[in-house]
**Student:** 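Let me give you the structure first, and then I'll get to my questions.
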Amino acid sequence: MLPRRPREETAHLGKEIYEREIRPQVETDHHGEVVSIDVDTGSWAIAGDLLAAADLLRARRPDAINIWSERVGYRALASFGGGSLRRIE
C-alpha cells in the first residue's frame, strides 16, 4: 500500500493530471460533473456529484488513498460565497 501524501502534493498532482490527461476528454460533454482522480495511478471516474465520483473510483481502485477531485469547467469543486466559479479563459 502506498503512503498517504501531504494534501498539497495530492492537490498539485491531481491538478496536473486533470489538466494534462482528463480535461481534454471531459470538458465539452461533462460540464459541471465531478472527476475523482487517484493521483498514484492516474485512474479516474466521473459522475454527477463528489460522492458518486469517489464511489465509482473506489469501486475500480479499492486501495486508492491519494484522491483529488475537480468539477469540470469550474475553478473549484464548491463555493461558499456568491462569486462564480466558472473557468474563464
Side-chain angles (χ1 to χ4, degrees):
M1 180 192 256
L2 294 168
R4 184 168 301 279
R5 296 176 184 270
R7 276 184 243 167
E8 297 80 16
E9 184 180 351
T10 299
H12 174 77
L13 290 170
K15 289 177 182 184
E16 191 175 272
I17 292 167
Y18 178 78
E19 289 296 326
R20 183 183 63 238
E21 299 174 22
I22 302 169
R23 183 176 174 201
Q25 297 180 56
V26 300
E27 192 82 7
T28 339
D29 298 328
H30 298 279
H31 189 79
E33 292 184 58
V34 176
V35 175
S36 288
I37 307 160
D38 175 356
V39 301
D40 295 314
T41 65
S43 295
W44 58 278
I46 189 166
D49 62 58
L50 176 60
L51 290 176
D55 285 347
L56 282 171
L57 179 60
R58 289 203 188 262
R60 293 182 197 151
R61 309 288 306 173
D63 294 336
I65 58 168
N66 298 301
I67 297 173
W68 179 254
S69 295
E70 291 268 341
R71 184 170 301 279
V72 178
Y74 290 79
R75 295 176 293 152
L77 191 57
S79 170
F80 296 103
S84 173
L85 293 176
R86 286 188 173 237
R87 189 181 300 269
I88 300 170
E89 299 191 40

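Here the structure is a predicted model, which means the values were calculated and not measured.
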**Student:** For Arg20, does the CZ atom have more than 12 heavy-atom neighbours from other residues, nucleotides or ligands under 6.0 Å away?
**Tutor:** yes

**Student:** With heavy-atom distances below 4.5 Å as the criterion, would you say the side chains of Ile37 and Tyr18 are in contact?
**Tutor:** yes

**Student:** Quick one: closest heavy-atom pair of Thr10 and Val39, and the distance?
**Tutor:** O-CG1, 3.7 Å

**Student:** Does Val34 belong to the same Ile/Leu/Val/Met/Phe/Trp/Tyr cluster as Leu57, with side-chain heavy atoms less than 4.5 Å apart forming each link?
**Tutor:** no

**Student:** Please find the pair of heavy atoms, one from Ala47 and one from Leu56, that lie closest to each other, and give the distance.
**Tutor:** CB-CD1, 4.0 Å

**Student:** How close do Gln25 and Glu21 get, counting heavy atoms only, and between which atoms?
**Tutor:** NE2-O, 2.7 Å

**Student:** Look up atom CD in Glu70 and atom CD in Glu19, then write down how far apart they are to the nearest 0.5 Å.
**Tutor:** 7.0 Å

**Student:** Of the non-hydrogen atoms in Leu77 and Ser69, which two are nearest, and what is the gap between them?
**Tutor:** CD2-CB, 4.1 Å

**Student:** Taking the side chain as C-beta and beyond, is there a heavy-atom pair between Asp40 and Arg61 under 4.5 Å?
**Tutor:** no

**Student:** Which atom pair, heavy atoms only, marks the closest approach of Ala45 to Ala53?
**Tutor:** CB-O, 3.7 Å

**Student:** Any sub-3.5 Å donor-acceptor pair from Arg60's side-chain atoms to Trp44's backbone N or O?
**Tutor:** yes

**Student:** Do Leu13 and Asn66 make a side-chain contact, defined as non-hydrogen atoms from C-beta onward lying under 4.5 Å apart?
**Tutor:** no

**Student:** Where the side chain of Arg71 meets the backbone of Gly32, is there a donor-acceptor pair that is under 3.5 Å apart?
**Tutor:** yes

**Student:** Heavy atoms only: give me the nearest Ala64-Asp38 pair and the separation to one decimal.
**Tutor:** CB-OD2, 3.5 Å

